[in-house]
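A short write-up of the structure that comes next.
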Amino acid sequence: MDDLEKAILITFDESGTIDSVLKSQAIEYCQRIKENQTISCICAQHLFTSKFAQVQFWCLQCLHDGVRVRYSSSMSVEEKEFIRKLVFAMATYDGFDDNMAVAGRVKDKMREQCVPQIVRVWYQIIMTYKNSDSELCASVLDSMRRYISWIDIGLIANQMFIPLLFELILVDGFPEQLRSAAAGCVLAVVMKRMDSQAKLNLLKSLQINRVFGLINEETDVELLSSIATLLTGYAAEVLECAKRLNSEEGKRVSSELLEEVLPSVFYVMRRSEVDATFNTVQFLSGYVATMKNLSPLTEKQMVHVSQILEVIRAQICYDPIYRHHLDVLDKIGMEEEDRMLEYRKDLLVLLRSVGRVAPEVTYSFIQNSLGKAVDPTSERNVEEVEAALSLLYALGESLSDEAVKPGSGLLGVVLTLLSTRFPCHSNRLVALTYLETITRYMKYVQEKEKSIPEALEAFLDERGIRHPNIIVSRRASYLFMRIVKLLKSKLAPFIETILQKLHDVVVRFTSISFLDKVMIEAEDGSHIFEVVNAIYAAIGILIGMDSVPHEKQTHYLNSLLTPLCQQVKTLIENPEDSATNILIIQQIVVAINALSKGFNERLVIASRPDIGYMFKQTLDILLQILVVYPKVESLRSKVTSFIHRMVETLGVSVFPYLPKALEQLLAEIEPKELAGVIVLLNQLICKFNTKVLDIVDEVFPTIVARVFSVIPLDEIPCGPGSITEDVREKQELQRTLFTFFNVIATHELSSVFISPNAREYLNLIMPLLLHSSCKHKDITVRKACVQIFIQLIKDWCTGSYGDEKVHGFQNFIVETFAVECCLNSVLDKSFEFRDANSHALLGEIITAQKVIYEKFGDNFLSEFSKGLQAKHCSQEMAEQYFQKLQSNESKALKSFYQSLIENLRQHQNGSLVFR
């Protein structure tokens, strides 16, 4: 509610609960509004938007007072006209919602008393003035159009009015405004709601084919738009009748009428003359649906299918005025591309429906479209080529096996495409769509002769990776990698060719001159990283296959790694902090990292250790980067990623390199980089378990000390408006730390927490874990902390009660953790049992209770009883809980404990008392 509505409701209130001073202020405020010069507009707005009868009454009262007092004296001409329109709108029900009934009663009375007379006057005015005052006649027709939807249709659809309306539409001598107004009235007749059979009879009687001749390029734009709207509305109504009528005669007539009008409808759709309110896709989808169960289609229906495809192609074409913007992809181009992507969605769904109804017609249409697009004598433009390619691409989204069987028309289209070079291939959109289409269909044509070399050629020449547009080159690199993953072993005969064709490309991407240019054009060169990563990843997949002969594999890898490593050695021996040098080193590390992904541990360690030796040498060189550039975060990040890769590739043989690597990573580390090092340690622990005990034991104190110097020892404040980038980084670091603790505990390394190096931090770690297991906002963090405690209990409490590995730990678990985490935290209303994560947490808490009971028995029961009693749990329920705890049925214990907690919560709320 706005202030006026509030004030009006207060003035009308008779409950006696409103303060008298407030009511006086409300009355005074309403009076001031009444004196406002724009009171008519204010009243109109609230009449049409307010849901309160008091407000609507007050507005009508104000309007009445204004008309009574000022209409003949001080009211302006503009305000008088505004009030006239407002009253008319209320009387004809315009602008009101489905609840107000006054307009309905007005219409009922008008139907009884004066509508026939009004219709006769309309007819007389038009007949009298059609040749002398076209503006008046157009105004009458516009008024009449509004009435047709609710008056008796027989008053208009008769031998007087319909011939008159068509005369006005068809005679060239009448002004376009008048002809368009007449077309609007015929459309209102067409759209009139009525019984389907009656509607079909009405539509047939109109003889709509009379206006087909107006659908041509010479017709005035306004009139053409009106005729287009009439015909599309007519076609939609005929289609609706066809769906609803079950009689053979009804279906026959509707089919004839539809076939008669469709060519004109398709024409205006292709020309985009259709009114914006008409849903072209919905209509065409409805028509296509009528053909789903028809087999075979008639010749006329196949023609209609072709015309629908023409409409789709025309509708998905970009406007040539955006060609440059789309090619360079500036702000205007990005907006248009986003708009078109959204606009095309429904049209391409329609395309796939057509493809299922008439597959061969669809394939033939697309093939012809592509054929015309590559015809050097054709005047086809960039937009039509891109549209034809997009049709083929979209069609491949959900293909049946039948559609791609040998000899099918679709396969022929794809094979033709592989060897095609379009005149406009330099265009960004054409190049991208071409490559995406090849990628989508490659799995279907890979067995065909020449398909693989032709596809490789497309990706490796100026149509793909060598394309002058970096956006195309980047995407081509990624798609090439996908093709390599798909075809893999089938590409073995082409490895030499691929490496030869890519040689100058990979050299260029890591050259100083090229990267100098990149630094001028783009600040971070991130797009180049993507290209390098994809190309080297593809090469790695190819040369890392077991089927590649050992000798050749060694040669390939050596020829790729040696120049890259040499370039790094040269740069770090003569270090410069120039942005270009740093970018080159980053590029090389990214390239080597991507290349290594094609090799697995079994191959490089067991089968071909000389390959592993090359990667070890490479790792040794790249670790020098951390020494020479200790504070360049981007380099540290890239080298860390490579260490991750080598852990997976080299296995335990990476161990000799880890102390040096971790020492350098931790030496100059920034707080926000800590998470990355912890993730690396987590990987090592998960892969090697206790084998990395000494390494983890060595770095653990440093890690914990650095993290605790950055984050608080309880919860990171994150109230409304306080989630800054700094807070987000701290939250992420804290989550990573909890994962680190969890990984240590659950991989038989809990001795790290109590080693001589780390013991001093135990008094900081335990309170943090306890607080987080009870109160952390992230339920998954709470679960991880509970899991840590479960494992520590198992590892540290192996003897009898009192026989301790860690002094005070047993009492801490029994007296503090068990009560605070396993009872009090669950009792809190924020613990939502219906939430899946909370339910999983409850499962861990139940496990913790069972483990504590197994380790400490009666000592635990005694302390936990005190906690239950403090929460007013009855002795009976406590005993039932202990019985369930001692059984082996964890599921039953979990269910009972949830019920117990819910009962205790009810007691806390005062709604249940235990006895």
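As the structure is a computational prediction, the values presented were derived from the model and not from experiment. The chain is numbered in sequence order, starting from 1.
- Asn593 and His644 form no side-chain donor-acceptor contact under 3.5 Å, judged by distance and modelled atom types alone.
- Remark: Arg905 does not engage Glu902 in a salt bridge, criterion side-chain N to carboxylate O under 4.0 Å.
- Checked against the 6.0 Å centroid threshold, Tyr853 and Phe882 do not count as a close aromatic pair.
- Phe655 and Tyr657 have their aromatic ring centers separated by at least 6.0 angstrom.
- For Tyr761 and Phe700, the ring centers are positioned 6.0 Å apart or more.
- Ring-plane geometry between Phe812 and Phe789 is classed as tilted, the angle between the planes lying from 30 to 60 degrees on a 0 to 90 degree scale.
- Environment of CD in Gln617: crowded, with over 12 heavy atoms of neighbouring residues, nucleotides or ligands closer than 6.0 Å.
- Ring geometry, Phe864 versus Phe860: the interplanar angle falls from 30° to 60°, so the pair is classed tilted.
- The pair Glu633-Arg636 does not count as a salt bridge, with every side-chain nitrogen at least 4.0 angstrom from each carboxylate oxygen.
- The pair Lys687-Glu601 meets the salt-bridge criterion, since a charged nitrogen lies less than 4.0 angstrom from a carboxylate oxygen.
- Asp778 and Thr780 form a side-chain donor-acceptor contact under 3.5 Å, judged by distance and modelled atom types alone.
- In summary, the side chains of Asp795 and Gln791 do present a donor paired with an acceptor at a separation below 3.5 Å, with no hydrogens or angles considered.
- In this structure, CD on Gln624 lies 13.5 Å from CG on Leu571, to the nearest 0.5 angstrom.
- Between Lys866 and Glu863 there is a salt bridge, since a side-chain N of the basic residue sits under 4.0 Å from a carboxylate O of the acidic one.
- No side-chain N or O of Asp858 forms a donor-acceptor pair with one of Ser862 less than 3.5 Å apart.
- By the neighbour-count criterion of 12 heavy atoms within 6.0 Å, atom NZ of Lys850 is densely surrounded, having more than that number from other residues, nucleotides or ligands.
- Side-chain polar atoms of Asn757 and Ser755 form no donor-acceptor pair below 3.5 angstrom.
- Atom CD of Glu698 sits in a sparse spot, with 12 or fewer heavy atoms from other residues, nucleotides or ligands closer than 6.0 Å.
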Practice task
Go through Gln586 and Ser634 one step at a time and tell me if the side chain to side chain donor-acceptor pair (under 3.5 Å) criterion holds.
Solution key: CA-CA 7 Å; Gln586 283 185 72; Ser634 58; 3.3 Å; yes
Practice task
Could you walk me through whether Glu832 and His839 pass side chain to side chain donor-acceptor pair (under 3.5 Å), step by step?
Solution key: CA-CA 8 Å; Glu832 178 54 69; His839 199 68; over 6 Å; no
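- Between Asp828 and Lys775 there is no salt bridge, since no side-chain N of the basic residue sits under 4.0 Å from a carboxylate O of the acidic one.
- Considering all non-hydrogen atoms of both residues, Ile788 and Phe738 come closest at CD1-O, 3.9 Å.
- Ring geometry for Trp796 versus Phe809: interplanar angle over 60°, hence perpendicular rather than tilted (30 to 60°).
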